[in-house]
Amino acid sequence: MPDADSAPDAGLEDADALLARGDGLAVTTHWEEALQAYDAALELRPDHAPSHTKRGLALAQLFRYQEALDAYDRSLELEPDDPLTLAHRAMPLAGLQRGMHALRAVDAALKLDTKSATIHGIHGSLLLMIGRYNETLDALDQALELEADVPSVLYDRACALSRLERFDDALADLERTFDLDFARFGYAETDNDLADLRSSDAHGPKFRALVARHKEKSAGAS
């Protein structure tokens, strides 16, 4: 019979299960439910840095930026040099109108890890938020060189291209995005970054046809 020290810790196993549940909910953008799972995991394992980071991500997606920042800061107290947490921390900083602090957070992350597609993707998203569209493309192209066909990166790239009035290229990236994961990007029909594309006399009808085609395809698949 194993002694107490070698027996599995049921609490930690439960925390892992809750964390996995939260990750599954996050993938399908059920952020409130994901947050509940991460909170429950942290009740069992309060000093687990990755759980605080994932909690921060859920809070940021719910526009609860100060709480997200607090969660990332707690994670960094536990693991000060985690590049992904540093990079994710930039998004609530941007949401709180602290753009220069956000850029410094991403720069610090990139100094620690130059080969992370995720960090380059976050960098691109941040640059898109603050209107630096050519730099957005540079960052997202680096992300796609490291990991091709990431839907969120392709979508952000399409948004930057639309802002730059490169509408044919934007439509090409949107088609790739929708082919990979149409369900997550239904908000393309109202996204301000795509407003010029939607209102273009030449390209607006192509955008609407693209969305309609993928809606039909998605309905048929279900």
Side-chain angles (χ1 to χ4, degrees), residues 2 4-99 101-126 129 139 143 146-147 150-153 155-156 180-181 183-185 187:
D5 290 336
S6 63
D9 188 323
L12 293 183
E13 290 182 357
D14 289 344
D16 286 338
L18 286 163
L19 196 62
R21 172 173 168 74
D23 292 346
L25 289 162
V27 166
T28 56
T29 67
H30 290 83
W31 295 110
E32 289 281 5
E33 295 90 339
L35 178 60
Q36 292 171 12
Y38 295 143
D39 283 342
L42 283 165
E43 287 182 10
L44 296 171
R45 189 166 50 185
D47 292 334
H48 187 238
S51 297
H52 285 285
T53 294
K54 291 177 179 185
R55 182 173 185 271
L57 179 60
L59 287 163
Q61 292 293 328
L62 294 166
F63 308 105
R64 293 163 59 177
Y65 294 129
Q66 186 57 57
E67 292 173 86
L69 191 59
D70 292 343
Y72 290 136
D73 286 346
R74 176 56 182 149
S75 181
L76 289 167
E77 287 175 8
L78 297 164
E79 292 185 6
D81 293 323
D82 182 71
L84 281 175
T85 303
L86 283 166
H88 282 301
R89 188 175 179 272
M91 301 312 287
L93 283 168
L96 293 167
Q97 306 302 310
R98 295 168 62 185
H101 290 87
L103 285 171
R104 283 197 286 270
V106 175
D107 287 342
L110 286 169
K111 287 178 182 177
L112 292 168
D113 187 353
T114 62
K115 299 297 184 183
S116 169
T118 299
I119 294 174
H120 285 290
I122 292 169
H123 190 200
S125 293
L126 174 61
M129 288 175 67
L146 292 162
E147 185 177 349
V150 178
S152 59
V153 174
Y155 182 84
D156 282 349
L180 291 163
D181 190 356
R184 285 177 57 197
F185 298 97
Y187 56 82

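Note: hydrogens, waters and symmetry copies are ignored here, and every other heavy atom, side chains too, is used. We count residues from 1, following the sequence as given.
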Test Y72 against H52 for side-chain contact (heavy atoms from CB on, under 4.5 Å), laying out the working first.
-> CA-CA 6 Å; Y72 290 136; H52 285 285; over 6 Å; no
Can you list, pair by pair, the side-chain donor-acceptor contacts under 3.5 Å of residues 102-115, counting residues two or more places apart and other chains?
| residue | atom | partner | partner atom | Å |
| --- | --- | --- | --- | --- |
| D113 | OD1 | K115 | N | 3.0 |
| D113 | OD1 | S116 | N | 3.4 |

For G56 against A68, the heavy-atom pair lying closest together = O-CB, 3.4 Å
Report all side-chain donor-acceptor pairs from residues 57-65 shorter than 3.5 Å, counting only partners two or more places apart or in another chain.
| residue | atom | partner | partner atom | Å |
| --- | --- | --- | --- | --- |
| R64 | NE | E67 | OE2 | 2.9 |
| R64 | NH2 | E67 | OE1 | 2.9 |

Salt bridge (Lys or Arg N to Asp or Glu O under 4.0 Å): which pairs involve residues 51-63, sequence neighbours left out?
-> D23-K54, D39-R55
Got a sec, which pairs hit salt bridge (Lys or Arg N to Asp or Glu O under 4.0 Å) with one end in residues 75-97, sequence neighbours left out?
-> D73-R89, R74-E77
Name all residues meeting the side chain to side chain contact (heavy atoms under 4.5 Å, CB included) criterion together with A26; count only those two or more places apart in sequence or in a different chain, and write none if there are none.
-> W31, A34, Y38
Could you go through the side-chain contact (heavy atoms from CB on, under 4.5 Å) check for L18 and E43 one step at a time?
-> CA-CA 11 Å; L18 286 163; E43 287 182 10; over 6 Å; no
Please report the shortest heavy-atom distance between R98 and L69, naming the atom on each side.
-> NH1-CD2, 3.6 Å
Describe, in one word, how the ring planes of Y155 and Y187 are oriented to each other, choosing from parallel (under 30°), tilted (30 to 60°) and perpendicular (over 60°).
-> perpendicular
Kindly indicate whether the side chain of R45, heavy atoms from C-beta on, has any atom under 4.5 Å from the side chain of D14.
-> no
By side chain to side chain donor-acceptor pair (under 3.5 Å) - contacts of Q66 (at least two apart) = D70
Partner set under side chain to side chain contact (heavy atoms under 4.5 Å, CB included) for E33, not counting sequence neighbours | L25, H30
Is the closest side-chain heavy-atom distance between H120 and V153 below 4.5 Å?
-> no
Set of side chain to side chain donor-acceptor pair (under 3.5 Å) partners for S125, sequence neighbours left out = D156
CD1 (I122) and OG (S152) are apart, to the nearest 0.5 Å, by 9.5 Å
Which value, rounded to the nearest 0.5 Å, describes the distance between T53 atom OG1 and L84 atom CG?
-> 8.5 Å
